[in-house]
Chemist: 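First the structure, then my questions, so here it is.
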Amino acid sequence: MADSDRIVEMLKAKATLLIQRERELYALRLSRERTTAWLRTLHRLSVEVRLEALGDMCREWAAAMVGLLHFQTVAAFRHDVATGALSLIEGRSHAKLQDRIVLDERARRVVREQRGGVIRRSEGSDTAALAEALDLQSFLWFVFTECEGQEVLLIAGVAAGVAVAQDVFSSDDLVYFTMVARHLEVLFTNTNLIADLATATRNLQELFDHMRQAIVAFDASGSVVRIASREARFLFQRERLEDCSVRDLLYPGAPAYDVDAASFEEWVDLVMNASVENWAKYEAYAPRDVVIERDGQHTVLALEFRPLVRDARIHQLMLLATDVTVERRLESVLRLQKAEHAARVAAMRRLIAGGPQVFLTFVDSARARFDRCDAIIRECRGLLLAGAIDEVFRHVHTVRGEARAFDLVELEDGARSLERELDQLRTEVRAASVLLTEAATATLRSGLQVARSALDRECDVLKAASPAGAAVFDQISVPRSVLRELSKYAEHGPEPLACLVGRLSAVPFGITAAGVIDSAAAWAEFQGNEVTVDAEPKELLIPERLARVLPGVLAHLVRNCIAHGIEGPEERRAAGKRETGTIRIVATELPRGVCIVVEDDGRGLNAERILDCAERDDGMTNESAGAKKKGSPGAAPDPAKLVFLSGVTTRDVPDALAGHGVGLDAVQSELDRVQYGATIASSSGRWTRVTLEPRAPRATE
């Protein structure tokens, strides 16, 4: 080859190399520029754009795709998974974008089975169906979930029929597109979470603002760091609470040596930075309430504290302060009323213990005095003479003095008010000799009615305090010796006299049941149970013969109810019952005598245990049980009759209350003395009922 030819070939090779290098440099430069553009897009979305709605975010994303990355067609669609419909959220293109597109099954399969990539219409298969539906030649795409049943489809590419030089996407384009799309997904997901959190925070704040509690958080220095409720500013009467000392809020103006304030500060020092595991121990020493002054009045605040934990250590405390001034005032009034009522009941009980006749005499006397005062006012017919007012004054003054002797505070106050009215009238009447006034008589009548009502209420207290109920007002003391002589005489006298003597010696039912009612609480506490015992009607008269044995009989029966029938609180809760058991003692007057029923709402008779115990007792006979022994020919023994046998008990270990097998046997023995019998009925898991009735007289042979 000639030298000239070699030179030409060498120049061609160098030129080719230079062209190749230029192409590589151009490609490298283009790649770097494109990478920079992707990074700028990413930065703009994540830092510069402060948006909340998906539409706003998609609008910014589309602007970046077109403006910075020079895509011809960019669109974001909302995809309904159930119907396959695409609704345009935001889009930019040289061609027209449709607002709504319905995908066929092949296109839906692509979206369902693939979540992103590159699609070219020329490739065919299912991806071509998606390209045709969107009317795009080639594009990058990405799908992410927006919410349940909805997805977002992002595309960036070339519209069909548009001639472009760069119609092929590089692998870098796919990577960067996917990166930005995923970033958009994360941004939107976080935006949703932040929006939900903001909504929840607003709702919580509204809840706090409507609570009647001042809620603030404070740190180890005792300074308020956060206010959680509007009530805090109102309650502490400060517009700005941040950085205020909690000590000054709870103990305003307290000197350095104030014991309560100093104790609170020491408690805060102890709790802060302590392990949260010790909170229960420390919380017991927190102050429960404080009294602050607001608008010249004392305000009582109930305090609660909650730990705010970081790394298992208490780093702040939340204070919840509630204004309970009204509640405490009502509690104080209620306590005072209870104390006054207790004092009145105690006074009545003292009267009952010593015999109520003196008090009843006072009641009759006071009512007679009030009746006389009403008669005086009626007779005067508006002409109030000095002598009439003096007589009314004497009656009212006497009632007031006697009321004080019996600790009847309300009656005494009513009489004192009436005395003041009478004293003023007496002064006016003496000055004018005669006074004619309807207003004055109306005032006197009203005052007398107030005093009379107070007396009636005192009688109601006596009725409630007396075991005999309303019968207490009909009782008098009679010497026993005189009553016995009268009874002997009545045995040989006429029948009406015997009946009257029987009623005279009868005892109100409430008195015979009083002892067992008072003892029931202690018996139940011994068993670990809770019971209430009611006896009605208290006024029903019990014949003297039955009244002698009834207190002991009722004591046995109620002890049996508590020991065997009434369940413990946990067992009663599991059975759907009230924790406190109920025992009812009801007396009824029948033509042939008084019938008494003792019923509890416990577990009922344990028939199997009763039969087992009776079977082990070789001394038991069929005749004494009133039925056949278990396992013998004939009818099976009746558990309701076996319980009255001596030695029969369902308790494994006897104690001071039951388990010796003598309670119901003793009941039957006592009742036999007065010609009474006892029967038992029971419903398993629900109740047991013992009925005491007079026996029918035996037929003469």
Side-chain angles (χ1 to χ4, degrees), residues 31 33-81 84-93 97 101 103 107-121 123 126-127 130-131 133-159 166-195:
S31 178
E33 290 176 354
R34 205 153 178 79
T35 300
T36 302
W38 283 113
L39 293 176
R40 286 173 60 193
T41 304
L42 197 67
H43 181 268
R44 175 171 171 74
L45 284 173
S46 59
V47 177
E48 298 179 14
V49 180
R50 302 294 183 186
L51 302 170
E52 295 183 1
L54 175 64
D56 293 337
M57 281 198 167
C58 290
R59 188 175 303 112
E60 291 295 329
W61 171 81
M65 294 291 104
V66 173
L68 296 176
L69 304 174
H70 309 295
F71 282 101
Q72 289 184 339
T73 298
V74 177
F77 294 94
R78 181 173 279 108
H79 175 222
D80 190 331
V81 178
L86 298 178
S87 302
L88 183 65
I89 301 174
E90 180 64 32
R92 297 188 181 190
S93 177
L97 292 172
I101 302 171
L103 301 179
R108 293 176 65 180
R109 186 183 306 118
V110 175
V111 178
R112 184 170 58 249
E113 297 178 356
Q114 303 179 42
R115 309 304 287 178
V118 180
I119 288 182
R120 298 178 181 85
R121 184 180 292 197
E123 293 178 352
D126 292 340
T127 58
L130 181 57
L134 297 173
D135 197 21
L136 295 175
Q137 184 65 39
S138 58
F139 58 91
L140 304 169
W141 65 291
F142 181 80
V143 182
F144 65 83
T145 302
E146 176 193 0
C147 58
E148 184 177 354
Q150 299 288 333
E151 295 179 337
V152 175
L153 170 63
L154 303 177
I155 63 167
V158 182
Q166 298 175 356
D167 60 348
V168 177
F169 301 109
S170 68
S171 59
D172 290 340
D173 287 334
L174 178 60
V175 170
Y176 291 138
F177 174 82
T178 306
M179 180 174 61
V180 176
R182 286 192 179 278
H183 193 66
L184 183 65
E185 175 188 17
V186 171
L187 285 176
F188 180 67
T189 304
N190 287 340
T191 299
N192 280 345
L193 293 176
I194 293 171

Chemist: Does Arg109 have any side-chain contact (heavy atoms from CB on, under 4.5 Å) partners at least two apart in sequence or in another chain, and if so, which?
Modeler: Glu105, Arg106, Arg112, Glu113, Asp126
Chemist: Got a second to check how far Arg92's CZ is from Arg59's CZ, nearest 0.5 Å?
Modeler: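 Between Arg92 CZ and Arg59 CZ, I get 9.0 Å after rounding to 0.5 Å.
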Chemist: When rounded to the nearest 0.5 angstrom, what distance separates CD in Gln150 from OG in Ser87?
Modeler: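 Between atom CD of Gln150 and atom OG of Ser87 there are 8.0 Å.
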Chemist: Under the criterion side chain to side chain contact (heavy atoms under 4.5 Å, CB included), which of Asp80, Val111, Ile101 is the partner of Leu86?
Modeler: Ile101
Chemist: Of all heavy-atom pairs between Ile119 and Thr127, which one has the smallest distance, and what is that distance?
Modeler: CG2-O, 3.4 Å
Chemist: To the nearest 0.5 Å, what is the distance between CH2 (Trp141) and CG (Leu134)?
Modeler: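 Trp141 atom CH2 to Leu134 atom CG measures 10.0 Å (nearest 0.5 Å).
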Chemist: Could you tell me if the side chain of Thr145 sits less than 4.5 Å from the side chain of Arg115, heavy atoms only?
Modeler: yes
Chemist: I'd like to know if the side chain of Arg108 and the backbone of Val81 have a donor-acceptor N/O pair within less than 3.5 Å.
Modeler: yes
Chemist: Taking the side chain as C-beta and beyond, is there a heavy-atom pair between Leu154 and Phe144 under 4.5 Å?
Modeler: yes
Chemist: Please name all residues satisfying side-chain contact (heavy atoms from CB on, under 4.5 Å) with Ala75, sequence neighbours left out, ordered by chain then number.
Modeler: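 For Ala75, the residues satisfying side-chain contact (heavy atoms from CB on, under 4.5 Å) (neighbours in sequence not counted) are Phe77, Leu88, Leu97, Ile155.
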Chemist: Given Val74 and Trp61, is the side-chain contact (heavy atoms from CB on, under 4.5 Å) satisfied, shown in steps?
Modeler: CA-CA 9 Å; Val74 177; Trp61 171 81; 3.3 Å; yes
